[in-house]
Amino acid sequence: MIPYGRHFLDEEDINAVVRQLRDRTLTQGEVIAEFEEAVARYVGARYAVAVSSGTAALHLACLAAGLAKGDTLVTSAMTFVASANCAHYVGARADFADIQADTLNIDPMDLERRCRATGRVAAIVPVHFAGLPCAMQPIGVIAKRYGARVIEDASHALGAFHDDGTRVGSCAQSDMTVFSFHPVKHITTGEGGMVTTNDATLYRDLLRLRSHGINKGADPLFAADQAFTDGKRNRWYYEMQELGFNYRLTEIQAALGLSQMRKLDRFLERRRALVSGYDRAFAGHDLIRPAQRAGRAQSAHHLYVIRAPFGRGCVSRNEYMERLHASGFITQVHYIPVPQHPYYQKLGHRACEYPNAWSYYAEALSIPLYFSLTDEEQARFIEHARKLLQ
Ligand SMILES: Cc1ncc(COP(=O)(O)O)c(C=O)c1O
């Protein structure tokens, strides 16, 4: 079967993991720091903190940003649920803004409208949808106006560039950026994630929160009388200074991540070539069109999403997905608008309040896009995609 997304591992990756298993530490060693440094250097951020998933990264980013009960976080109505759930983990609430029809990213005008209606907004979480970076400048202006922290959800966007030429993750116009290393993403650690930031205080907070809230590095100690004997630091002593978690990545995963990072540019290049192939194939097609029509030159191309008027002049989406499946292709819908999920409906959200997200959802389908997809497989998919829609 040909899926919509798939990881790529080579012998180098496997050897890196085996080497780690044979002779090195399994957790809390040096490879995590090497992996963090490699990502920080690549994206151009001062600090990076590796964690066990993108979801954990969002959770810790919300905690480090100081979100708590009574606070509101605003994110895109069209994203994976984790971008909103992180608000609820810390007792805050998520609210949503609609997307722009051409980029599928959060619409700054609707974001402003939502922020105005809410009053004080503690955090804005722009999501770089399918790898296409949001225009950060207007988001930054709105964040300043409403006193919000900006946490970029770049789970789809490792390797993408902002308008100003900086890499996504450099946090040039945000407080923190969050990545995911789930196997469908650009690089994988099995499960894993990372937060990047340029703020030393946020960095220290993230390190502590990742590991139970226990003091790290140069954190000041609360109880000096417990910490020292005759002026010397007690060897056993540590302090849990706040409620944290065990969101650590293992060294085995970090070894894999480090090895994958060496291939990232190749991964991105292949994705770009495949995207051009799809663009050419569907140009002028009367039913199929690429869902993102603007800004893709800077994208990391996590997903290739097509739009088609399913059920209106062609088959229903479910029938289409079934036909494609019977021909060996697994497609998926990214995403059900978050306010449409029963959990959020019960909290009073209504997806129909986000017309662009809603109409996109009715027509969207993610098709195969990953490094090891061959030209022949892509051509076969295109042939079936055209034929089976009628
Ligand atoms: C936009 C977005 N945010 C957050 C996440 C959560 O990442 P993870 O699966 O690593 O927890 C995902 C994962 O698919 C995602 O697509």
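Just follow the structure's listing: the first ligand is 1, and inside any ligand the first atom is 1.
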*asked:* For Leu104, is there any backbone N or O sitting under 3.5 Å from a side-chain donor or acceptor partner on Asp102?
replied: no
*asked:* Checking Leu21 now: which residues fulfil side chain to side chain contact (heavy atoms under 4.5 Å, CB included) with it, not counting sequence neighbours?
replied: Val17, Leu26, Ile252
*May I ask whether Val90 and Val74 are part of the same hydrophobic cluster, defined by side-chain heavy atoms of I, L, V, M, F, W, Y residues being less than 4.5 angstrom apart, directly or through others?*
no
*asked:* Suppose we screen for side-chain hydrogen bond (donor to acceptor under 3.5 Å, both in side chains). Which residues come up paired with Gln173, at least two apart in sequence or across chains?
replied: none
*asked:* Taking non-hydrogen atoms within less than 4.0 Å of ligand 1, which protein residues qualify?
replied: Ser53, Gly54, Thr55, Leu58, Thr79, Phe80, Ala82, Ser83, Val127, Asp153, Ser155, His156, Ser180, Lys185, Gly192, Tyr335
*What residues form a salt bridge (charged side-chain N to carboxylate O under 4.0 Å, His left out) with Asp163, not counting sequence neighbours?*
none
_Would Arg317 pass as a cation-pi partner of Tyr361, given that its NZ or CZ must be under 6.0 Å from the six-membered ring centre and within 45 degrees of the axis?_
yes
